[in-house]
Amino acid sequence: APPPMPAFYKEIVYNMTDYANDAVAHYLKITGLTYLKKASTPFCPEGSLIEADDEVRGQLAGDACSVLMKDLWLARLARPDLQKAICDLATHVLKWSVNDDKRCSRLMCYLNSTREWKLVGRCCDNADDLYLVLYVDADFCGDSDTTKSTTGGWLVLEGPTVHGFHN
C-alpha cells in the first residue's frame with residue numbers, strides 16, 4: 001500500500017467534462033452528424049489522407065474557426081493533449097480543405113472518446129522543497145506542412161515526492 005499522504009498534500013482537478021460535451025454537441029450540430037467513432041489519438045492515421053484533397057475546399061470551411069476556437073479553450077485550460085492537433089488545424093482556416101475536414105473529424109472523435117478526461121495537479125511536498133525544472137525538446141522538419149524546425153518546452157514545479165512516493 002502507498003504511504004499516507006502528508007498533511008500539506010493538495011490536489012486540484014480541472015473538470016471540464018460539461019464543456020467537452022458542449023464542444024462535441026456544437027460540432028455535431030454544425031456537421032449534422034449523430035454519431036462519432038471512437039478514436040485513440042487526435043491525429044489521422046499515417047497514409048489515410050489523399051494529397052489531392054488538400055486542394056479541394058472542405059465542407060467545414062465556414063465553420064472551422066468556431067469549432068476550433070471552442071476546442072482550443074478546452075485545450076488551454078484542461079486538455080493539453082488536444083493542443084497540437086487544434087493548433088495545426090488552426091493554421092489552415094484560411095484555406096480549409098477536405099483533408100482538414102477529415103483531421104477535424106478525427107479530432108472530434110478523439111474528444112468525444114475522452115470527454116470525461118480531467119487535468120489533475122497534485123502537490124505532495126512542502127513549498128520549501130519545490131523547485132522549477134524546464135524540459136525542452138526540438139523537432140527538425142517534423143511538420144510536413146512547412147518542414148520548419150519546431151521547439152517546445154515544459155516548465156514543471158517539482159519536488160522530492162512523485163505520485164506520493166519519494167524519489
Side-chain angles (χ1 to χ4, degrees), residues 11-123 132-158:
E11 181 174 273
I12 297 173
V13 178
Y14 296 91
N15 182 354
M16 293 191 66
T17 303
D18 290 342
Y19 190 89
N21 290 336
D22 191 48
V24 169
H26 178 66
Y27 176 76
L28 291 173
K29 181 179 177 188
I30 286 173
T31 61
L33 297 172
T34 57
Y35 172 77
L36 294 174
K37 297 177 184 178
K38 288 194 180 284
S40 58
T41 74
F43 302 102
C44 292
E46 189 77 28
S48 65
L49 301 176
I50 301 166
E51 192 173 330
D53 284 347
D54 279 330
E55 303 306 319
V56 180
R57 182 175 168 86
Q59 291 180 328
L60 287 178
D63 295 308
C65 211
S66 170
V67 171
L68 294 176
M69 292 308 106
K70 188 164 194 69
D71 292 349
L72 186 58
W73 183 248
L74 173 63
R76 289 183 57 135
L77 294 180
R79 293 291 305 274
D81 57 311
L82 301 172
Q83 289 178 359
K84 171 85 168 110
I86 295 167
C87 290
D88 286 354
L89 279 169
T91 65
H92 297 189
V93 293
L94 294 178
K95 190 182 178 209
W96 194 264
S97 71
V98 169
N99 277 341
D100 295 317
D101 281 345
K102 293 174 186 176
R103 289 181 187 106
C104 189
S105 174
R106 177 64 183 225
L107 168 67
M108 297 310 296
C109 288
Y110 173 74
L111 177 55
N112 186 54
S113 300
T114 61
R115 288 183 285 182
E116 71 287 345
W117 286 16
K118 301 165 186 69
L119 182 64
V120 179
R122 294 185 179 102
C123 185
L132 288 174
V133 177
L134 178 63
Y135 296 95
V136 296
D137 191 14
D139 180 8
F140 296 103
C141 300
D143 182 357
S144 61
D145 289 341
T146 63
T147 62
K148 292 181 183 174
S149 174
T150 59
T151 59
W154 190 259
L155 183 62
V156 180
L157 185 61
E158 287 190 2

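Keep in mind the model is a prediction, meaning the values are calculated, not measured.
Two residues are said to be in side-chain contact when any heavy atoms from C-beta on lie closer than 4.5 Å; W117 and D81 meet this criterion.
In this structure, OG1 in T31 is found 10.0 Å from CG in D101, a value given to the nearest 0.5 Å. Here the CG atom belonging to D71 is positioned 9.0 Å from the OG atom belonging to S66, to the nearest 0.5 angstrom. Note that NZ of K118 and CD1 of I12 are 16.0 Å apart. Values are rounded to the nearest 0.5 Å. For the atom pair NZ of K84 and CG of L89, the computed distance is 10.0 Å after rounding to the nearest 0.5 Å. Atoms CD1 and OG1, on I86 and T91 in that order, are 12.5 Å from each other to the nearest 0.5 Å.
Remark: L94 engages no residue in a side chain to side chain contact (heavy atoms under 4.5 Å, CB included) (not counting sequence neighbours). Judged as a side-chain hydrogen bond (donor to acceptor under 3.5 Å, both in side chains), and not counting sequence neighbours, the contacts of R115 are N21, N112. Scored by the side-chain hydrogen bond (donor to acceptor under 3.5 Å, both in side chains) test, D100 finds H92, S97, R103 as partners (sequence neighbours excluded). In this structure, the side chain to side chain contact (heavy atoms under 4.5 Å, CB included) partners of W73, at least two apart in sequence or on a different chain, are M16, Y19, L77. Residues satisfying the side chain to side chain contact (heavy atoms under 4.5 Å, CB included) test with L134, not counting sequence neighbours, are V136, L155. In this view, V156 and Y135, W154, E158 satisfy the side chain to side chain contact (heavy atoms under 4.5 Å, CB included) rule, not counting sequence neighbours.
Taking both residues in full, the closest heavy atoms of V67 and C104 are given as CG1-SG, 3.9 Å, listed atom of the first, atom of the second, then distance. Across all their heavy atoms, A64 and V93 have their closest contact at CB-CG1, 4.4 Å. Nearest approach of R106 to F43, heavy atoms of both residues: NE-O, 3.3 Å. What you find for A75 and L82 is that their closest heavy atoms are CB-CB, 3.9 Å.
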Donor-acceptor pairs are to be reported for all side-chain atoms of residues 45-60 against protein atoms at under 3.5 Å, with residues two or more places apart or in another chain.
from, atom 1, to, atom 2, distance (Å)
S48, OG, P45, O, 2.7
D53, OD2, K102, NZ, 2.9
D54, OD1, N99, ND2, 3.0
E55, OE1, K95, NZ, 3.1

Can you give each donor-acceptor pair under 3.5 Å made by side-chain atoms of residues 32-39, sequence neighbours left out, with the distance rounded to 0.1 Å?
none

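The list of salt bridge (Lys or Arg N to Asp or Glu O under 4.0 Å) pairs with a residue in residues 17-36, not counting sequence neighbours, reads D22-K70. Within the structure, the salt bridge (Lys or Arg N to Asp or Glu O under 4.0 Å) test picks out no pair touching residues 58-68 (sequence neighbours left out).
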